[in-house]
Amino acid sequence: MTDTSNEPANVLEVHDLMIEARPHGAPPIPIVKGVSFDVKPGQVVALIGESGSGKTTISLAALGYTKPGLHFSGGEVLLQGEDMELVSDERKRQLRGENVAYLAQSAAATFNPALKIGEQVTESAVLHGAMTQEAATQRAEELYRALELPDPDRIGGRYPHQVSGGQLQRLMAAMALVSRPSLLVLDEPTTALDVTTQIEVLKAFKKVIQEEGSAAIYVTHDLAVVAQIADHIVVLYGGKVMEQGSAEQIVTNPQHSYTKRLMAAVRPSPVAGLGDSMAGDHLRDVPALEVRDVTAGYGKGADGKPLITVLRDVNVTIERGHVVGIIGESGCGKSTLARVMAGLLPASEGEVLLDGHALPPSVKERKREDLQLVQFVFQMADTALNPKQRIGDIIGRPLQFYHNVHGRELREEVRRILDLVELPAVFADRFPAELSGGQKQRVNLARALAARPEVLLCDEVTSALDTIVGANVIELLKNLRDKTGVSFVFISHDLSTVASFADEVVVLYAGRVVEKGPVDQVLSPPFHPYTRLLIASVPELRVGWLEETMQTREALAGIARGVTLTDVGCPFFDRCPVAIEGTCDKLTPPTREDQSGHGHYIECHREVVELGGAGATAPA
Amino acid sequence: MSEQDTIVAEDAGRDVYDELPDAPPKSRLRLSWVGKVSAAVVALWIFLALFGPWIAPYHEAFFIEEDAAGNYFDDPSFMLPDASVSAYLGTDYLGRDVLSRIIWGARTTIGISFAATLLAYFVGITLGIAAAVAGRLTDAVLSRIVDAILAFPNIMLGLIIIAAFGSSIPLLIGLAGLVYAASVFRIARALGQDIMVQDFVEAARARGEGLWWIITREILPNAAMPLATDFGLRLVFVILFISSLSFLGLGVQPPISDWGSMVRENMQGLGNGLSGGALASITPAIAIATLTIAINLIVDDISAHAGGSLAKKMV
């Protein structure tokens, strides 16, 4: 229909696409409002926007699919010249197997845990009759090699739970690529991953897309990730294209005000001095919360010790009015530490002190006044708010429970707290399902604030949110700290968020504190090798960052390996570029203090001086 | 790539971009036409159960003994010719009006089943939630007892207990309530365990809330919808169970009318053809079928609305 005679035929052409929701007995709600873009052969096009921008809906349209309740209402989606809105179901099935493939966000949910990986990777190609089982298996092995998976000859014989999350994500790419599709649709394939794993997956994706020469649509909300992988970027908001152009153009010279806003919300790379420096005037005699020599874990062993020890000899001090960031990859014990502080998981050894007095280990034995002073904010606001309670009741409950506020006074107070988290008072009558993700997270915070606590434990409160919404929540947290003087324990795997908000940082690795100190100290040399790896892994908003990072020593040694909990030696031994054979794997590393005298501690067998210069990849 | 120019949409230059809602709001429950018809059928039976005695032409134990001329019948069974009063669906094997007995029977059948299901729910939910919330030992003990009850075929268990104690309406209610409490226990326990591990329950625990508050405010409201849907299905099972017992002669005892026993009492009429008394046995069977199928169809509509999630939780 369109004239494409003088250029190579586009793999996908989307013209003025419109999709709407048709609820029963209500007027249709437009979701996608006239979107146009092309995907050329071998090109990676990124669709970027917040949740609700229609990016996933548009990407699914490339497969001729709409989610239940949604309908195509205009425009066309031409996959190699065939309009996916019009083709028969039969043909759609055929095209989906052979010409277009979809990669969902969660590989763990995509794989069937009861079947071997190889079977699942080859299944669709064989089922569609495109290949024989032998050819498909051989093809899969080629792909395992291209995706740099370990042990490519045998990984197909394993079950999904026997490989790591990052590997599973790459295996899913292999599954999509087996039948050589001309278009690959990737829906937020790295969003749920740790920074270090994200790099490994991004690199493999980029390589395989180049080698296979297939075109791709990459859906994400993360501009920094997009800068690494996309050739062309389409910026979406509210179902409309705000701006589109080459990756270089969008990243270096955004035109639309929305794109500029997106850029502003991107996590700045963690450079020393970004965080709020230690303000000495906050310091008073006793810290607000202190964790002393805590060892904790799950399950009950014979001698009263946990079956699986997660935390070992952890010491953390939270001064009044301070923000302490706790970072580390998943599996390092960050949430476990917060749960020990809250009493949800009693420590097997060591103690938790509030205002200088020791708290009973379990929440059941703690006094109500102590519980009130330490409040927990859960990661997922979606599940942390009871869907059957109104916002007003959710926020009002701590007021009733701890402060015996009732009736009219209670309503006033709820309104005041809603105002504090920048939500309108009318929200008190709504249910959680009627709020957006960021609003729910605000209610989640408001509930904790309603208790009038001294310490707020924030467990990954921005991880599930989009870049912009997450940035807004951080902004709110900063205001709250200034207004209320509450101390924060801020847990995150995202170093840049921690760097922009925390006063002090505690780096956890495999249940041990490997480095801690004021944020500007910890984020400038000397580094613990693990901290250096984390810093190097945060994507920077520029084209070509990925290739540079992969060349660093830290990346070569530490990326693509998982966290292992050990009893002996330094747990980071197997990923460390400066490990000393015979020492690091045998002896528990000593704690060394940086000479500066600002309370910067590093737990390592290497001397502080050695860590200072070694292999520095100075952040830009 | 770079020769392609950047395309920029019209930019109002604003710097406020509202946070977009994640999904369009959910629609309210609407019954399909099948669901609406079913709801009408169920409503009719419930109406008859409530007001039957004032609507039915005769009492359930009223015998039509005389013909139009005032003579007594020799054999007062099935479709009495020239009866003194009219019987629209004919009479049963003892000469009682079938229509009246169906209407009176609605009260017995639905009443007993409803009471038994309520009892099953009260016991099942209490113990099921207790098992989900309390420690491992309580859970293990309760679950094994329930396994034992469920291991018996329902009817057999019914036969044993009725053989031991004799049949009466309170016993029937208790028996059906107990038998079905076991399956309600299973569902309530599964739902409770599901909800117990949700973050909002953990948040309540971290706040220091007591067990009672957690059960009544956090768990039950979230279990209510699936349990209410299941109530419909469980009611159907209880109706069939009670009717089966009555059919075997162990349920509701004469002269009280009950759909299950009506089917059995009038079995011999089945051979006589529609005009000769088959209706006396077929009509109660139809009554049982319409009520149970209609309830099932309504439940189907509700679970279709709630999506797969609800259907998965129901056993």
Side-chain angles (χ1 to χ4, degrees), chain A residues 21 23-26 29 31 43 50-53 69 231-232 237-238 240-250 253 255-258 261 342-344 363 366 368 371-372 375-376 378-380 383-389 397-398 401-402 433-439 447 451 468-469 472, chain B residues 1-32 136 194-211 213-214 216-226 301 304-305 307-309:
Chain A
H24 281 291
I29 305 163
I31 304 290
Q43 195 184 34
E50 303 167 49
S51 55
S53 64
D231 303 307
H232 187 86
Y237 175 80
K240 280 192 202 141
V241 176
M242 293 290 108
E243 177 173 2
Q244 57 176 306
S246 74
E248 191 75 49
Q249 275 167 331
I250 301 274
N253 187 20
Q255 299 295 313
H256 197 276
S257 65
Y258 180 72
R261 223 182 98 93
L344 289 170
V363 70
R366 292 190 184 179
R368 197 175 278 201
L371 291 171
Q372 174 229 324
Q375 288 290 313
F376 200 108
F378 287 86
Q379 173 174 6
M380 306 289 287
T383 55
L385 305 178
N386 189 335
K388 302 290 177 188
Q389 289 175 3
R397 179 60 190 169
F401 188 74
Y402 295 123
E434 297 169 71
L435 270 54
S436 74
Q439 288 165 344
R447 170 172 61 186
I468 289 189
V469 181
N472 292 344
Chain B
M1 247 52 79
S2 56
E3 66 258 35
Q4 188 166 3
D5 285 325
T6 310
I7 305 161
V8 185
E10 193 180 324
D11 186 356
R14 58 185 178 152
D15 45 39
V16 179
Y17 287 92
D18 289 333
E19 220 174 276
L20 303 159
D22 288 343
K26 277 188 183 173
S27 55
R28 280 183 47 226
L29 170 64
R30 277 164 182 276
L31 293 175
S32 64
R136 242 179 239 177
D194 248 21
I195 300 167
M196 265 309 273
V197 297
Q198 297 269 340
D199 284 349
F200 59 81
V201 176
E202 184 128 60
R205 286 209 299 135
R207 200 187 305 137
E209 298 283 3
L211 207 53
W213 203 90
I214 290 180
T216 54
R217 301 301 186 84
E218 308 283 355
I219 296 181
L220 283 182
N222 285 289
M225 182 62 181
D301 251 26
H305 172 78
S309 58

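This is a predicted model, so every value here is computed, not measured. Chain letters run A, B, ... following the sequence lines, proteins first, then strands; residues in each count from 1.
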>> So which atom in B:F200 and which in A:P387 form the shortest heavy-atom distance, rounded to 0.1 Å?
In response: CE2-CD, 3.6 Å
> What's the spacing between B:N222 CG and A:Q389 CD if we round to 0.5 Å?
Replying inline: 8.0 Å
> In Å, rounded to the nearest 0.5 Å, how long is the span from CG of A:N386 to CD1 of B:I214?
Replying inline: 11.5 Å
>> Under a 4.5 Å cutoff for heavy-atom pairs, which residue among A:L371, A:V241, A:T383 has the most contacts with chain B?
In response: A:T383
>> Please identify, among A:A247, A:A451, A:G343, A:A384, the residue contributing the most non-hydrogen atom pairs under 4.5 Å to chain B.
In response: A:A384
>> Please rank A:L385, A:L344, A:V363 by heavy-atom pairs under 4.5 Å with chain B and give me the top one.
In response: A:L344
> Can you list the residues that meet the salt bridge (charged side-chain N to carboxylate O under 4.0 Å, His left out) rule with A:R366, with sequence neighbours excluded?
Replying inline: none
> Below 4.5 Å, heavy atoms only, C-beta onward: do A:R397 and B:E209 meet side chain to side chain?
Replying inline: yes
>> Which heavy atom of B:A206 sits nearest to which heavy atom of A:Y402, and what is that distance?
In response: O-OH, 4.4 Å
> Rounded to the nearest 0.5 Å, how far does CD of B:E202 lie from CZ of A:F378?
Replying inline: 4.5 Å
> Rounded to the nearest 0.5 Å, how far apart are CZ of B:R207 and CD of A:Q375?
Replying inline: 8.0 Å
